[in-house]
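Input: a single structure, listed below in structure tokens.
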Amino acid sequence: MRTQVGIVGAGPAGLLLSHLLARQGIESVVLEARSREYVQQRVRAGVLEHPTVELLREVGLGARMDAEGLPHAGVSLRFEDADHRIDFAALTGRGIVVYGQQEVVKDLIAARLADGGDLRFEVSDLALDGVTDDPVISYTRNGQREELHCDVIAGCDGFHGVSRGAFSGETFDRKYPFAWLGILAEAAPIQDELVYANHANGFALYSMRSPEVTRLYLQVPPDTDAGTWSDARIWDELRLRLGTEINEGSLIEKSVTGMRSNVREPMRHGKLFLAGDAAHIVPPTGAKGMNLAIADVRILADALESYLRKGDETGIDGYSDTCLRRVWRAEHFSWWMTSMLHNFPDEDAFQRRIQLSQLRYTVSSTAAATSLAENYVGLPHGAI
Ligand code: RFL
Ligand code: PHB
């Protein structure tokens with residue numbers, strides 16, 4: 001079996017790449033380890049930055065996002081027992097949309113299938129060969145070993161996939177001495193916008209998914225077992241750190257996520273291109289992970305179209321450097337938000353005062369607030 005682009009992974013990166021290529025008349029096959037149901041239910045990101053929203057609309061994926069997504073014109077930073085609003089609309093003229101990653105994934109799968117797209121779920125033992133000259137992806141499906149010959153491979157299989165290990169490169173890594181305990185609750189949000197709280201007990205984040213569902217996070221030690229946190233303890237701690245009443249409801253999900261910054265350079269080796277979490281991850285504090293994955297595949301789709309249709313290699317040659325400029329901007333922003341908002345276990349009095357000073361400056365200076373706002377709503381694609 002042969003295709004033009006073999007795509008490993010049906011997350012936002014792989015699915016959107018397949019969609020963008022199809023619109024340009026390029027064929028692809030998406031290979032995914034999990035079931036369709038699993039990837040559609042996986043609870044993850046929730047914030048779409050402005051350029052992501054614009055792109056999804058532009059490529060015919062905006063209908064449900066516009067009907068059900070929640071447009072937000074700002075967020076609040078909470079510290080020293082007070083909320084301070086950062087007004088994105090006033091500072092940048094733009095905003096964000098809160099719309100769950102699994103909803104984006106559902107929309108993408110529906111669009112690809114309606115278009116006759118070739119998505120293969122539940123493949124196992126996937127291996128990449130010949131990535132410098134004659135790429136082949138082999139995998140097992142329905143108990144049979146299959147081979148997919150391709151012109152190029154897009155490794156969109158996330159941080160734990162096979163693609164990032166298929167060639168050597170340089171890795172840049174930072175681990176943080178804490179994790180996030182995340183819950184999704186059947187409870188109406190008590191307010192419209194996100195709150196990022198810096199508290200002596202640790203960071204907390206107030207978010208939501210819909211008028212009926214609240215999404216909340218607590219900073220916890222890195223090795224925390226989610227089972228050791230009872231529902232009552234979670235609600236008490238959220239109320240304390242966020243300094244507000246919260247509507248309680250039954251938990252749909254409760255899990256712990258580690259915090260890490262990691263970049264693999266370069267993002268290309270021969271005919272293998274990495275995109276999204278396969279190439280880089282950020283701590284979730286800046287809400288950038290899915291947005292970066294989307295920015296990567298926008299560049300990759302254009303580069304592959306020029307290469308596969310006209311033999312023009314300019315785009316694929318520049319792919320890694322072009323993406324890495326935006327990647328490192330998001331890496332800095334996510335590290336900065338994480339450093340400013342969390343409680344560091346080994347923090348001394350000097351660091352604490354520096355952190356508080358940064359928070360006070362960010363909410364009181366228009367220049368500093370604008371810097372946060374323009375990064376959060378997302379710099380225009382190609383601007384950096
Ligand atoms: P994904 O979504 O991980 O998809 C990779 C896919 O590849 C499959 N796969 C394989 N398939 C075949 N063979 C193999 N050997 C395979 N190995 C893996 C996997 O099953 C999977 O389906 O990567 P992609 O597409 O690059 O997308 C990246 C985003 O998922 C990620 O960056 C975001 O979820 C990060 N993130 C956030 N991003 C935002 O933009 N805004 C947010 O508000 C935000 N909040 C978050 C987040 C991530 C979180 N967690 C759980 C890590 C909040 C949290 C708590
Ligand atoms: C979410 O709603 O899941 C969310 C929002 C903002 C973040 C991270 C996660 O920074």
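Each ligand, and each atom within it, is numbered from 1 in the order the structure gives.
Here the protein heavy atom with the shortest distance to atom 6 (C) of ligand 2 is Y196 OH, 3.2 Å.
Checked by distance only, ligand 2 and Y376 stay at 3.5 Å or farther apart across all their nitrogen or oxygen atoms.
Compare P12, G100, G9, G11 by their heavy atoms: the one nearest to atom 27 (O) of ligand 1 is in P12. Among P284, A45, S255, A179, the residue whose heavy atom lies closest to atom 44 (C) of ligand 1 is A45. Residue nearest to atom 3 (O) of ligand 1, selected from R44, M290, R34: R44 (by heavy-atom distance).
Two rings, from F178 and F344, have their centers less than 6.0 Å apart.
With no hydrogens or angles considered, a side-chain donor-acceptor pair links S18 and S28 at under 3.5 Å. E146 and Y139 are linked by a side-chain donor-acceptor pair at a separation below 3.5 angstrom, with hydrogens and angles left out of the test. Between E331 and W336, the side chains place no donor N or O within less than 3.5 Å of an acceptor N or O (distance only, hydrogens not considered). A donor-acceptor contact closer than 3.5 angstrom links the side chains of T314 and D312.
Contact between L205 and ligand 2 is present, with at least one heavy atom of the residue lying under 4.0 Å from the ligand. Within the 4.0 Å heavy-atom shell around ligand 2 one does not find M337.
At a heavy-atom distance under 4.0 Å, only backbone atoms of R44 (N, CA, C or O) approach ligand 2. Of all the heavy atoms of W180, none lies under 4.0 Å from any atom of ligand 1, so neither backbone nor side chain is involved.
Close contacts between ligand 2 and L194 involve ligand atoms 5 (C), 6 (C) [criterion: under 4.0 Å to a heavy atom]. For ligand 2, the atoms sitting less than 4.0 Å from at least one non-hydrogen atom of P284 are 7 (C), 8 (C), 10 (O), numbered in the order shown with element in parentheses. Atoms of ligand 2 found under 4.0 Å from any heavy atom of S207 (numbered from 1 in listed order, with element): 1 (C), 2 (O), 5 (C). Near V47, with a cut-off below 4.0 Å to any heavy atom, the atoms of ligand 2 are 5 (C), 6 (C). Residue-ligand proximity, Q101 to ligand 1, at heavy-atom distances under 4.0 Å covers atoms 2 (O), 29 (C), 30 (O), 33 (C), 34 (O). Close approach of ligand 2 to Y217 (heavy-atom distance below 4.0 Å) involves ligand atoms 1 (C), 3 (O), 4 (C), 9 (C).
Here the rule is side chain to side chain donor-acceptor pair (under 3.5 Å) with D151, and of K271, Q4, R2 only R2 fits it. Partner N375 forms a side chain to side chain donor-acceptor pair (under 3.5 Å) with one of R329, K288, E49 and no other, that one being R329.
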